[in-house]
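Okay, structure first, notes after.
Not measured: the values here are computed from a predicted model.
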Amino acid sequence: MSNTKTSQLKIILVAGGHGGLGKFIVGEFVANGNYNIKILTRLSSPAGKAADIEKYKPVGVEIVAADYSDHAGLVKALEGIDVVVSTVGLAILYDDQIALIKASEEAGVKRFISSEFSTDSSK
């Protein structure tokens, strides 16, 4: 991933952006007003999450759906993204985050912030 100045990083994708932690991160980016925000959601997300996701559209957040097991589809979803912030949950953290990292690298993402915010990795 390249050595790009932070001021040039404008397109942010939050994986899991409608979840417990992700919604707060998305909210802060939106409040800042200096970024184009996208939320990556799974093609298989439960129908109940649809209402949570829809509330972001009026504030200019774009919703992108992809299947983490479809590498080519995930790469396509990440094309043009400057920064990926992964807030995927612990239950899917390792396999899905590895898929997300590999796809980010191939898509030319400049920064990747991994989902290790509250994981006790010593266990």
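- Of all heavy-atom pairs between L78 and V109, the closest is O-CG2, 4.0 Å.
- Listed by chain and residue number, L74 satisfy the side-chain contact (heavy atoms from CB on, under 4.5 Å) test with A99 (two or more places apart in sequence, or in another chain).
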Can you list, pair by pair, the side-chain donor-acceptor contacts under 3.5 Å of residues 25-32, counting residues two or more places apart and other chains?
unit_1	atom_1	unit_2	atom_2	d
N32	OD1	N34	N	3.1
N32	OD1	N34	ND2	2.8

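- Contact of the F112 side chain with the L100 side chain is registered, since non-hydrogen atoms from C-beta on lie closer than 4.5 Å.
- The side chain to side chain donor-acceptor pair (under 3.5 Å) contacts involving residues 71-85 comprise H71-E106, D82-K110, where partners must be two or more places apart or lie in separate chains.
- Counting heavy atoms from C-beta outward, V83 and L13 have side chains that stay 4.5 Å or more apart.
- Smallest separation of non-hydrogen atoms from A77 and V64: CB-CG1, 3.5 Å.
- Taking CD1 of I81 as the start and OG of S104 as the end, the distance is 9.0 Å to the nearest 0.5 Å.
- A single hydrophobic cluster is seen to contain both I63 and V85, as judged by linkage of ILVMFWY side chains at heavy-atom distances under 4.5 Å, directly or through other members.
- Under the side chain to side chain donor-acceptor pair (under 3.5 Å) criterion, N36 pairs with no residue at all, not counting sequence neighbours.
- The salt bridge (charged side-chain N to carboxylate O under 4.0 Å, His left out) test applied to E62 returns K38, not counting sequence neighbours.
- Looking at heavy atoms from C-beta onward, V14 lies in side-chain contact with T87 at the 4.5 angstrom threshold.
- Residues Y35 and L9 share a closest heavy-atom pair of CE2-O, 3.3 Å.
- No side-chain heavy atom of I12 sits less than 4.5 Å from a side-chain heavy atom of V84.
- The CG atom of D67 lies 9.0 Å from the CG atom of D96; values are rounded to the nearest 0.5 Å.
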